[in-house]
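Remember, predicted model here, so these are calculated numbers, not experimental data. Order of the sequence lines sets the chain letters (A, B, ...), proteins ahead of strands, with each chain counted from 1. Basis for what follows: all heavy atoms, side chains included, without hydrogens, waters or symmetry-related copies.
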Number of protein chains: 2
Amino acid sequence: MDEAKNSGLTRIQRRNREIILEGALTVFAVNGFRGTTIDQIAAECGLSKPNVLYYFPSKDEIHKTLLTKLLDMWLAPLENIEPAGEALQEVLNYVAAKLRMSREYPRESRLFAYEILRGAPHLTEILGGRLRNTVDDAVTVLRGWIEAGKLRDVDPHHLIFSIWAMTQHYADFEIQVHAVLGEGHDPFSEAQIFLDDMYRRLLTP
Amino acid sequence: MDEAKNSGLTRIQRRNREIILEGALTVFAVNGFRGTTIDQIAAECGLSKPNVLYYFPSKDEIHKTLLTKLLDMWLAPLENIEPAGEALQEVLNYVAAKLRMSREYPRESRLFAYEILRGAPHLTEILGGRLRNTVDDAVTVLRGWIEAGKLRDVDPHHLIFSIWAMTQHYADFEIQVHAVLGEGHDPFSEAQIFLDDMYRRLLTP
DNA sequence: CCTGATCCTGACTATTTGGTCAAGAATTGG
DNA sequence: CCAATTCTTGACCAAATAGTCAGGATCAGG
């Protein structure tokens with residue numbers, strides 16, 4: 001693996017930092033930053049509070065580490081859109097990938113949702129920097145497809161917002177979705193069908 | 001005066017409870033429940049902390065009062081869908097109404113978003129009760145329209161989820177939207193155009 | 001103007017919580 | 001094996017915070 005990258009850390013340090021981040025993600029995703037205590041994180045990890053603070057200097061640092069660590073994963077599907085690919089299918093793949101991530105990584109989705117809701121104090125420069133650039137790139141690709149007549153003419157920015165909103169909704173508001181649907185539903189499978197239909201309909205020229 | 005008799009509250013009580021709820025909404029919408037202190041609410045209202053607690057027994061009670069007080073407003077557009085109306089136009093009107101609410105009442109949108117995110121401890125019975133019933137009614141109406149051939153065949157539950165997700169996104173994730181779009185945009189106007197087109201396209205038989 | 005009810009607040013308590021620290025336990029390298 | 005380093009934790013501190021309370025200020029009705 002990348003020993004060089006982690007060369008400054010012992011095996012125990014790497015293992016325990018990982019355990020802490022994993023437990024903290026679980027707790028932050030449920031309670032948000034302010035609603036989470038270091039004691040809760042420690043309990044979730046099976047470590048003592050001072051021990052958690054031996055590996056991270058503060059609660060803030062754990063949170064910031066998690067956000068930056070997970071940002072790549074979260075943005076990857078958007079960056080993987082292939083300009084040379086078949087336009088409609090590329091978009092539908094992106095929707096599917098994003099929905100799959102909401103299903104498989106709901107904690108990450110909520111972590112980001114909480115952070116944006118509270119004004120993104122740990123992400124301000126990223127929002128206007130890397131995120132914006134990534135979106136701009138995707139928008140350029142989408143515009144190219146539209147001008148080439150491969151997609152219907154829609155506002156690319158709002159197309160992206162709509163995909164984010166719709167896919168993340170199923171992770172972030174899962175409790176509401178479940179309460180409304182009741183038992184006997186698989187929200188994500190149903191959503192996949194609905195969204196595929198919707199974006200196909202919207203974007204087919 | 002008779003006003004006191006009508007409400008059980010004095011004029012001062014009604015005025016100050018109103019001031020407190022107004023200020024608390026502002027603070028809760030930014031910081032969430034756990035991130036908000038009574039001191040912050042008091043400062044926002046220009047009252048002393050003990051005075052705030054003279055009108056409400058606890059922070060919890062202020063929060064619960066706000067949620068129940070605002071629920072009607074939040075659900076009204078869905079209840080106003082007119083089964084006798086013109087199907088597509090009724091849905092488009094609902095989308096527009098919901099988007100307008102996100103623009104005009106972003107604090108309310110965020111209040112609910114925070115509450116759902118943290119598992120809706122103050123809304124559990126409402127989610128599975130009144131909300132679910134309201135949605136069920138709307139679903140029945142939508143199904144009727146679909147069977148009558150007035151709307152394309154889509155899953156009505158997920159249609160409603162999509163409308164919620166898309167419209168509330170612009171209030172709840174406003175910071176992200178703004179960071180990505182940059183200056184010189186009116187996100188809500190653009191969204192209105194995008195969503196009108198999208199749902200028209202999706203639902204026209 | 002008087003009186004009782006309502007309103008308001010400084011000062012307080014109890015609890016929670018982020019974070020520290022000294023000292024003991026475990027691990028590692030030679 | 002030993003000694004140095006790393007790891008772990010009980011006990012602790014200081015700040016923040018929800019909530020209390022006695023008593024003074026204000027107001028409404030007579």
Any Lys/Arg nitrogen of [X] or [Y] sitting under 4.0 Å from an Asp/Glu carboxylate oxygen of the other?
| X | Y | result |
| --- | --- | --- |
| A:Glu108 | A:Lys69 | no |
| A:Asp39 | A:Lys59 | no |
| B:Glu22 | B:Arg17 | no |

Just call it for [X]: base, sugar-phosphate, or nothing, with non-hydrogen atoms closer than 4.0 Å on any strand.
| X | value |
| --- | --- |
| B:Leu53 | base |
| A:Arg34 | sugar-phosphate |
| B:Phe56 | nothing |

Practice task
Assess the pair B:Tyr170 and B:His178: is the distance between their ring centroids shorter than 6.0 Å?
Solution key: no
Atom pair distance, as rounded to whole Å: [atom1] in [X] and [atom2] in [N]:
| X | N | atom1 | atom2 | answer |
| --- | --- | --- | --- | --- |
| A:Asp39 | D:dT9 | CG | P | 13 Å |
| B:Tyr54 | D:dG23 | OH | P | 18 Å |
| B:Ile41 | D:dT17 | CD1 | C1' | 12 Å |
| A:Asn16 | D:dC7 | CG | C1' | 9 Å |

Problem - Per B:Ile38 side chain, nearest of listed nucleotides D:dA18, D:dC7, D:dT20 - result: D:dA18
Exercise for the section: Please determine if a side-chain N or O atom of A:Gln13 lies less than 4.0 Å away from the OP1 or OP2 oxygen of D:dC7. Expected result: yes
Practice task
Please state whether the phosphate of D:dT6, meaning OP1 or OP2, lies under 4.0 angstrom from any side-chain nitrogen or oxygen of A:Arg11.
Solution key: no
Problem - First of B:Ile12 and B:Lys49 reached from the 5' end of DNA chain C, by closest nucleotide - result: B:Ile12
Fill in the blank from the handout: At a 4.0 Å cut-off to heavy atoms of chain A, the contacted part of DNA chain C spans C:dT17 to C:dT28
